[in-house]
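Here is the structure we will look at.
Remember, it's a predicted structure, so these values are computed and weren't measured experimentally. Atoms considered below: every heavy atom in the structure, side chains included; atoms not considered: hydrogens, waters and symmetry mates.
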Amino acid sequence: MFYSEQKKQISTYNRRTFFLFFLKLSLFTAVGWRLYNIQILDSSKYKTLSKKNQIDLEILFPVRGKIFDRNKILIANNEKVYDLYLIPENTKSINNTLNDLSKFIDIDFAKRRKIIELSNKVKKFEKIKIFENISWTTLEKIETNKYKLEGIFISEDYLRIYPYKEVFSHLLGYINKPNEKELALPFISKMPNLDIGKQGLEKSFNPVLIGKAGQREIEVNSNGRIIREISKIDSVKGQQVFLSIDARIQEYAINLLQSHRAGSINVINIKTGEILCMASTPTYDPNKIIKKPNTEYWESILSNTLSPLTNRSIQGLYAPGSTFKMIVAIAALKYGIINDASTHSCTGKIEFGDRIYHCWKTNGHGKMDVTNAIKESCDVFFYEISKKLGIDKIAEVAEDFGLGKIFDISMSNQKKGIVPTKKWKKTTLGESWYAGETLISGIGQGFVLTNPFQLAVMTSIIASNGKIIEPSILKRDKINFKTNEKYSKEINIIKKAMFKVVNENKGTAFKSRIDDIKFAGKTGTSQVRRISISERESDDFRKKEQEWKNRDHALFVGYIPYDDPQYAISVIIEHGGSGASTAAPIAKQIFNYINKLDI
């Protein structure tokens, strides 16, 4: 019995021993397999993770590409600037360093306190930017006395600079830090602190101007201190951009506009479609927006009622006035409403329905054919032909000549304007079109709205005998544009009329003619307020001085030379009065200036 009991105990012990052995074996097997996975199978993965804990990638920002005019004149450059940093651990006393530094650069109490507060928040070896864009004179003084300035570090940077200041402000725009939406753009996503174009061509050409970021691979310790540089890939600076703009013409045009509160001048090379000038006033200085502090200057721009940030050439919308009469005349000739010999008699007004429509010349022009009606800008003649034409036919021709279009010129925020039709009014305003509105549209008033650049393109198409001009803001060689053949006969008649406007007595721009080189054109006066019958019939209405905001806009479009058109122009002076007295003389000055240049 004792033996049996002993045997039973030994059997139980053996089972327990075996179970514990198996448990230990399983545990060691699992641990061994895990170690094998970590050390052998997944070694590369954990090496990478380990490396990431030691290696940092530092982005090297590229230098922004430069912008030139057509003659390789630099109009957007990068100026080397110097920023001043403080490294807390390299100075025994930040207060003492700031005291020594204040001998060379002004440090007010608020600035000093901010630097000290910041130094207590960052790691001691991190750089604190305390001044940016310090002057060359200050830099020399600091460099000369650097041995006395503990913890001071100078770093090079680049600042966008616009040598012509206001002259190209609307064309180029300016650069600044990207906003949250812009950070998602592919060309900036890896460089969140890089300045990018915010307006104008700086914005449009961001992808090519920005360049490509480089990187520096550095080894850091657990505190983030740099131990050594492992590798470096230099950044690639942005591409250079060569515009079609001529800096000489642009500057000259801006100077002419400065004597007026607001306006626009646009010049196009008819042969190539190149934009030689796109001037708009009032302007602003983009350098003052980039350089800090800029709050006061920025607020002065925003509060200016004339809106200096608006590029009037493509964003300003105006009734084209009598410059639109050429479109109406082409449409009337095309659809057989008139021919070059057809006449209408102008007595100074016309009755239509229950309204009277006046001509600008109170006593009328007498018998007018189409060329003389354009030459003397007779309103009654165009009332007569527009009511027979209808608004839809006028709109069709207007669009063929570039009105109501957005052009592919890398300029954002272009305003399309309005070329009204019956359908447009019904869709937009929910109202039917009235015949009287066609008469008003026939002289470029009412719903018709264009921007000044569209008028320059329209004039280029007329001057080139109907070529479909595709304007460009980039420099390019002569290009063979397609021609819209359906208007060739009508355009020839209009061009003869435009010549008479400038070069014959009674032409509305006769006083602006040039003797040695003939040009053609058309004046326009865009009414900004409705004139009452009592005002119109008063003896001194035309002579009475109007408040600036109530004066008409002055317009002129034209091309030079008449016999072989090279350059087309549009001029608009806001509240400038008449096109003949204000806009046409400016066009003459521009043409005279261009004639002296080697373009």
Side-chain angles (χ1 to χ4, degrees), residues 317-329 331-332 335 337-338 342-370 372-374 376-398 403 417-450 508 523-544 546 550-553 555 577-579:
L317 292 179
Y318 309 89
S322 294
T323 63
F324 193 68
K325 289 175 180 175
M326 297 183 295
I327 297 298
V328 178
Y335 287 102
I337 303 300
I338 58 170
S342 302
T343 60
H344 286 286
S345 183
C346 172
T347 61
K349 57 187 176 183
I350 179 177
E351 291 186 26
F352 186 72
D354 59 353
R355 283 192 59 186
I356 297 175
Y357 298 84
H358 293 268
C359 184
W360 70 267
K361 191 173 183 179
T362 306
N363 297 322
H365 291 89
K367 188 178 287 188
M368 290 273 112
D369 61 17
V370 66
N372 283 318
I374 289 175
E376 299 184 39
S377 203
C378 175
D379 292 333
V380 167
F381 183 90
F382 287 93
Y383 291 147
E384 294 284 4
I385 65 174
S386 62
K387 71 180 180 182
K388 295 176 184 177
L389 258 174
I391 191 61
D392 289 344
K393 288 185 174 67
I394 294 172
E396 179 188 332
V397 176
L403 301 184
I418 299 173
V419 178
T421 61
K422 292 178 181 178
K423 182 180 179 181
W424 168 85
K425 190 181 179 189
K426 193 71 176 177
T427 303
T428 307
L429 303 178
E431 299 175 1
S432 298
W433 185 268
Y434 297 104
E437 292 171 330
T438 304
L439 271 67
I440 296 299
S441 298
I443 61 168
Q445 297 286 163
F447 290 113
V448 184
L449 289 175
T450 62
T508 54
T523 57
T525 302
S526 174
Q527 190 174 303
V528 298
R529 69 183 184 94
R530 188 168 183 175
I531 303 169
S532 67
I533 295 176
S534 60
E535 282 181 305
R536 193 178 292 278
E537 292 179 350
S538 64
D539 294 333
D540 63 344
F541 168 66
R542 294 289 174 189
K543 299 177 182 178
K544 188 177 180 181
Q546 298 287 329
N550 291 329
R551 296 176 196 165
D552 297 333
H553 298 320
L555 297 95
S578 74

Quiz prompt | All side chain to side chain contact (heavy atoms under 4.5 Å, CB included) counterparts of Thr428, not counting sequence neighbours | solution = Trp424

Quiz prompt | CZ (Phe352) with more than 12 external heavy atoms under 6.0 Å | solution = yes

Quiz prompt | Considering all heavy atoms, the nearest Val328-Gly442 contact | solution = CG2-O, 3.5 Å

Exercise. Over all heavy atoms of both residues, which pair between Leu555 and Pro320 is shortest? Give the atoms and the distance, please.
Key: CD2-O, 3.9 Å

Quiz item: Angle class for the Phe447/Trp433 ring planes (parallel below 30°, perpendicular above 60°, tilted otherwise)?
Solution: tilted

Practice problem: Output the distance between atom CD1 (Ile418) and atom OG1 (Thr450), rounded to the nearest 0.5 Å. | Solution: 10.5 Å

Practice problem: With the side chain counted from C-beta on, respond yes when Lys426 and Ser432 share a heavy-atom pair under 4.5 Å apart, and no when they do not. | Solution: yes

Quiz item: Side chains of Ile338 and Phe381: closer than 4.5 Å at any heavy-atom pair?
Solution: yes

Listing, residues 385-394 side-chain donor-acceptor contacts under 3.5 Å, not counting sequence neighbours, or none:
residue: Ser386; atom: OG; partner: Phe382; partner atom: O; Å: 2.7
residue: Ser386; atom: OG; partner: Tyr383; partner atom: O; Å: 3.1
residue: Lys387; atom: NZ; partner: Glu384; partner atom: OE1; Å: 3.3
residue: Asp392; atom: OD1; partner: Lys422; partner atom: N; Å: 3.2

Exercise. Nearest 0.5 Å please: distance from the CG atom of Asn372 over to the SG atom of Cys346.
Key: 12.0 Å

Quiz item: Are there more than 12 heavy atoms of other residues, nucleotides or ligands under 6.0 Å from atom CD of Glu431?
Solution: yes

Exercise. For the pair Ser526 (side chain) and Ala319 (backbone), establish whether a donor and an acceptor sit closer than 3.5 Å, ignoring hydrogens and angles.
Key: yes

Practice problem: Indicate yes or no: at least one non-hydrogen side-chain atom of Tyr318 is less than 4.5 angstrom from one of Leu449. | Solution: no

Quiz item: Counting only N and O atoms by type, is there a donor-acceptor contact under 3.5 Å from the side chain of Glu376 to the main-chain atoms of Thr508?
Solution: no

Self-check item: Expected output: side-chain Asp379 to main-chain Trp360 donor-acceptor under 3.5 Å
Solution: yes

Practice problem: For Val370 and Ala329, work out which heavy atoms get closest and say how close. | Solution: CG2-CB, 3.8 Å

Quiz item: Is there side-chain contact between Thr525 and Ser322, with heavy atoms separated by less than 4.5 Å?
Solution: no

Exercise. Give the intermediate values and the outcome of side-chain contact (heavy atoms from CB on, under 4.5 Å) for residues Lys425 and Glu437.
Key: CA-CA 11 Å; Lys425 190 181 179 189; Glu437 292 171 330; 2.8 Å; yes

Exercise. Show your reasoning for whether side-chain hydrogen bond (donor to acceptor under 3.5 Å, both in side chains) applies to Lys325 and Ser377.
Key: CA-CA 8 Å; Lys325 289 175 180 175; Ser377 203; 2.9 Å; yes

Exercise. Would you indicate whether the side-chain heavy atoms of His358 and Lys349 approach each other to under 4.5 Å?
Key: yes

Exercise. Please tell me if the side chains of Cys359 and His365 come closer than 4.5 Å, counting only heavy atoms from C-beta onward.
Key: yes

Quiz item: Checking side-chain contact (heavy atoms from CB on, under 4.5 Å) for the pair Ile356/Ile350: CA distance, chi angles, key distance, verdict?
Solution: CA-CA 6 Å; Ile356 297 175; Ile350 179 177; over 6 Å; no

